[in-house]
Every structure is written in C-alpha cells, then in structure tokens.
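In this text the structure is predicted, and so the values were computed from the model without any measurement.
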Amino acid sequence: MAEIVLTAPATEMSNHHGKEFMGFGTCTPPGIVPSWFVKLFFYPKVENNDGIVKFAPYGLRKVEAVLIENGFDVVTVHPYDIEKYLDKAKVVGVSVMDPLGFGPVSVTFSSILGGTPSTRIEFVNLMEKLKPFKDRIKIIVGGPGAWQFEWDEYWKNFVDCVVIGEADEIAPDLFKKALRGDELPKIVHCKSPEVEKIPTIKNPSVNGLIEISRGCGRGCRFCSETLKRRRDIPLPKIIEEVELNIRGGTKGVLLHAEDVLLYGCKDPKFVPNEEKVTKLFKEVKKVTDNVGISHCSLAAVCSKPRIVEEISHILEVGEKISMFGVQTGVETGSSRLMEKYMHGKCLPFHPSEWCDVVEQAFAIMHDNLWIPAATLLIGLPDETDDDIIRTIELVERLRDYRSLIVPLIFIPMEVCALRRERMFAKENLRNTHWELLIACMDHAIRWVDDLKGIYLAGFKNIPIRLGYLGFAWWVKKAWRRKRKELLNLYS
C-alpha cells in the first residue's frame, strides 16, 4: 500500500460520459432533479481497477507526476474506494475545483434553483470518509478551488494544509514534511514555476485534457488566471502527453489554455500567431483525429478569422468531428464595464468596439461549426440598469448564432483583483437582471434542438443519450411554464 494517496471529489473523478462540458452539470443542486439523476448523467464513476483510476483530473496528474519523479510511492484512487487505501497511508492529497460550492456556476445555480451544489455534497462526503483517519493522516488540499477554504474557517481548520496556486515546485517538499509528521503551514501561496519546472504527466487525464499554456495576461479584474503571465508549454512536451493519453485509452484529447488561439503569441496586443497555432493542431492531428479545445477569446477569433477556418480544415470539423465546442467569455455588453474591469479582454480592439467584436466572432464560429458556450457576468461592482440593458441588447444581437449564453453571478475570488468587493447575492437581483436571465434562456431554448443533435452525434450509450434528450425536452416544457411566471413578476 502506498504512503501517499491522491484523490478528488466524485464530481471531478469522472469523464462525464466523454463530454467535458457536461461537467458543469455537477454544479446542479439536487432537488429540481434527484441526486441519482445528477450523478448518473453528469458524473458517473470513472473507469478504475479496484478503485485505482485509469483517468484522473489533469492537475492531480501533474502532482502525481512530480511526486513520482521525486521517488515517492503514490496511488491515485476514486473517492468512493479511498478507504481501501488508507490503512498504510500517511498523506492524502485532494485536488478540488469547487469544494464548497462558492464557484460562479454553483452560486448561480443555487441562487436560482435553491439547494446545495453537488460539488459541495461530494467534497463533504469525501471528508467524512477521511475523518476517522485524521489522527494519523495529513490532508493536503489544492487545485483551482483551493481559494474557497479562506472563506470557511471550519474546513480550513479541518484539513492540514491548503495549497493555493501552482504546486509543481512545492509539492515534493510539502509531502516530504507530511510523511515525516512535521507540522504543515495552514495555507501556502505558490509562485508560478517556469515552464521547464512543469512536469509531464505519467498517466492519462480525464477526457485527454492537456495543458498547452498557463496563465493569460489580459488582466481582467474579476478573474484569477488573467493576472498570471502566460507561459506556453513546448510542443514536444504537448505531443508527449497527447501520445500518452491515446496509448492510455482516451478517445481523443482536449487542448487546454485560457485562450488556445494565443499559443505561441508574443504580440503585446494579443493578436494570434497563425503559424504557431496551425502547427500545433497539425502535429496533434498526426496522433489523433479527435481533438477539442477548452477556451478561446472572442477578440482572438475576430482579429484572425482565418485561424478558425484553418483549424476547422485541419481537424475536418463537420466531417470527422460533428462540432467544435469551446468556452468563451462575453461577460457584458457595456463598454463602460469593459473599460473599467476588463480592458485587456478586448485587445487588439477597444472597449467601445466590444459588442461588434462579439457579434463578428460569433458569426465566424457559426460559419465554422464552432459552438461557443459563452458566459456573462451579473453583479459586477458598480453595475447599473443601463449596463444590464446593454447586455440584453447584445444577447438579442446574437440570436441567429448557434451558441449557449450562460449568465453567472460575480464572485470576488480570493485570487482576483476584485477580491475585496462584496459578493453579489440573489436578493440583489433586479428586474433588469431577470430580463437578462430570460433573454439567455430564450436563446438556449431557440438552439437546444439543433445543439443536442450535433452534440450527441455518434454518442454510443443509447440509454444515456435518450436520458439527455428526455431532459432537454423536459427543460423546454418547464421553461414555457416558468417564463410566463417570471414575465408576470419582473416585466
């Protein structure tokens, strides 16, 4: 038995039926739909051998890799099976995305639907399993959601150490101290390592997710990643991880960065380097036909439309790949808020051009079968009714472009520039906010039939496919009833 056990909450230790973006469903609070439904359709248990997982969250695989490189005995397991591996364990490392349900998606879902997000429920369940072993096991928690522990004294005191930031360099020393039984610092804030200090994963990641860049550099004040300088992972290391994932059984890979289109970019105005980006996709395509991306910026799309067309051509989107889903940020239709909080998001354009940039980018993606899942921000500090009306008008301009537009409540995360601002609450929602929510839901309902056909094309699990289709039908029916109620209340 290994002395170090790595794990994550069940909501993260899943491949979400091979559909990475279905992972957002894990933020759903059981109630409007039963907990078994959320678990079955959004976070089924990842493939494993007696609890030892075949695929794990990418960040956890990075920590696993650096510990293996430094000679530690490590096993990565599913949280439902963790008790089998605790008899000889001295340290448990837990990777978290949204452990306490304070993330923007969870807060938004909970505010509107009520209840506790599944992400929090599964984290608490994991901690309950570890509780009987706390007298002899050190618990180290890290990952993108680790900042949430600074908001909760109970859980901050329950675990032995909270690691905030990139743990690549600090992990070996921290786990060495834990194995010796030394007292650990309660909270560790890590500095971003240079690229050569970032390890290559040793085992496959969930849905073949592979990091091609870290950080962003655009400087949006509501976000953590945009404050970090961007560092590109060398292409040979990327290909090494692509090959590892495909050998390990993933059906494809998902290239991850805050903006995949900026890979190799040195331009201070964030204009994409077409040569570097197309070379990246051509090299990855030599290993696998199934390539996706996590995020791109609308400004990058608008500034270099040909790059979208070229990637679509390389990957044979519409032929071998039915669609190309990508997360992106619209955030607001207010040029005033853009100027105040996210001026760099517009580059190489000006905040006054933002609405035109957004519409042009949506049009380019629509023509190339790229499906943006776009976020909006509700409740930024100093937001006015006029700002919200400008955003509603922008949503209406995007009516004819295949997409989802998701409004999220502003969260002053401890790792963003606006961390001292007050968190927006449900009771602060004004009539204009509800009008915006209605506009976004109307947009989703307009496109749901088209999107479900494309998104589920080739989906081989027939019962689950039928379940998704049934859920989409139920949502459309429920929305027609709820829409009338909301219009009577807020119009």
Side-chain angles (χ1 to χ4, degrees), residues 24 104-105 107-109 111-112 218 220-223 226 295-299 301-302 326-347 349-366 371-412 416 418 421-447 479 482-483 486-487 489-491:
F24 287 111
V105 179
V107 169
T108 303
F109 284 10
S111 296
I112 295 172
R218 286 188 182 267
C220 298
R221 302 187 66 206
F222 61 86
C223 179
T226 59
H295 302 78
C296 75
S297 70
L298 298 171
V301 170
C302 193
V326 60
Q327 294 179 57
T328 192
V330 170
E331 318 308 3
T332 181
S334 165
S335 57
R336 185 185 74 88
L337 291 180
M338 290 299 299
E339 179 73 55
K340 185 170 184 178
Y341 295 121
M342 49 195 117
H343 184 281
K345 191 178 189 71
C346 306
L347 290 173
F349 305 98
H350 189 271
S352 62
E353 303 174 275
W354 179 242
C355 290
D356 292 334
V357 168
V358 171
E359 185 174 5
Q360 289 174 35
F362 268 56
I364 292 163
M365 290 191 282
H366 182 90
I371 318 296
T375 55
L376 298 174
L377 276 176
I378 289 178
L380 278 166
D382 188 37
E383 179 188 62
T384 66
D385 280 336
D386 183 67
D387 296 320
I388 303 165
I389 290 167
R390 300 278 177 245
T391 305
I392 294 170
E393 291 171 348
L394 178 56
V395 170
E396 290 170 350
R397 286 176 62 175
L398 302 175
R399 173 180 171 81
D400 292 332
Y401 305 112
R402 193 186 296 106
S403 57
L404 294 174
I405 304 174
V406 184
L408 299 177
I409 289 173
F410 162 70
I411 304 296
C416 79
L418 294 177
E421 297 290 342
R422 181 178 296 180
M423 187 169 83
F424 191 81
K426 181 183 179 181
E427 48 268 27
N428 299 129
L429 289 169
R430 305 194 290 272
N431 283 12
T432 46
H433 285 125
W434 285 105
E435 289 173 24
L436 176 58
L437 290 167
I438 290 169
C440 291
M441 193 64 187
D442 282 348
H443 182 89
I445 294 299
R446 171 177 168 77
W447 285 108
W479 174 242
K482 188 67 176 177
R483 189 180 192 278
L486 291 174
L487 285 173
L489 283 171
Y490 301 111
S491 62

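Using a 4.5 Å heavy-atom threshold, the side chains of V326 and M365 count as touching. Looking at H443 and S403, their side chains come closer than 4.5 Å, going by heavy atoms from C-beta outward. Residues H295 and T328 are not in side-chain contact: their nearest non-hydrogen atoms beyond the backbone lie 4.5 Å or more apart. Looking at R336 and D386, their side chains never come closer than 4.5 Å, going by heavy atoms from C-beta outward. With contacts defined as side-chain heavy-atom distances shorter than 4.5 Å, the pair D400/H366 does not qualify. Residues F362 and V330 meet the side-chain proximity criterion, which asks for heavy atoms closer than 4.5 Å. P351 places a side-chain heavy atom less than 4.5 Å from the side chain of H343. C296 places a side-chain heavy atom less than 4.5 Å from the side chain of V301.
Counting only distance, with no hydrogens or angles, the side chain of W434 and the backbone of L487 share no donor-acceptor pair below 3.5 Å. No side-chain donor-acceptor contact under 3.5 Å links W354 to the backbone of F349. The backbone N or O of G344 lies less than 3.5 Å from a partner atom in the side chain of R218, making a donor-acceptor pair. T391 places no side-chain N or O within donor-acceptor distance of the main-chain N or O of T332, the cut-off being under 3.5 Å.
Of all non-hydrogen atoms in K340 and R221, the two that sit nearest each other are O-CD, 3.9 Å. Minimum heavy-atom separation, L394 to G333: CD2-CA, 3.8 Å.
The neighbour count for R446 CZ, taken as heavy atoms of other residues, nucleotides or ligands under 6.0 Å away, is above 12.
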Query raised in the report: Can you list the steps and then say if I388 with E435 is a side-chain contact (heavy atoms from CB on, under 4.5 Å)?
Result: CA-CA 9 Å; I388 303 165; E435 289 173 24; over 6 Å; no

Query - Verdict with reasoning, L429 to I378, per side-chain contact (heavy atoms from CB on, under 4.5 Å) - result: CA-CA 9 Å; L429 289 169; I378 289 178; 4.0 Å; yes

Requested in this report: Evaluate side-chain contact (heavy atoms from CB on, under 4.5 Å) for W479 paired with I438, printing each intermediate quantity in order.
Outcome: CA-CA 10 Å; W479 174 242; I438 290 169; 4.1 Å; yes

Query - CA sep, side-chain torsions, deciding dist, call: E396, R399, salt bridge (Lys or Arg N to Asp or Glu O under 4.0 Å) - result: CA-CA 5 Å; E396 290 170 350; R399 173 180 171 81; over 6 Å; no

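For the atom pair CG of L380 and CE of M338, the computed distance is 10.5 Å after rounding to the nearest 0.5 Å.
Applying the salt bridge (Lys or Arg N to Asp or Glu O under 4.0 Å) test to E383 and every residue at least two apart in sequence or in another chain returns nothing.
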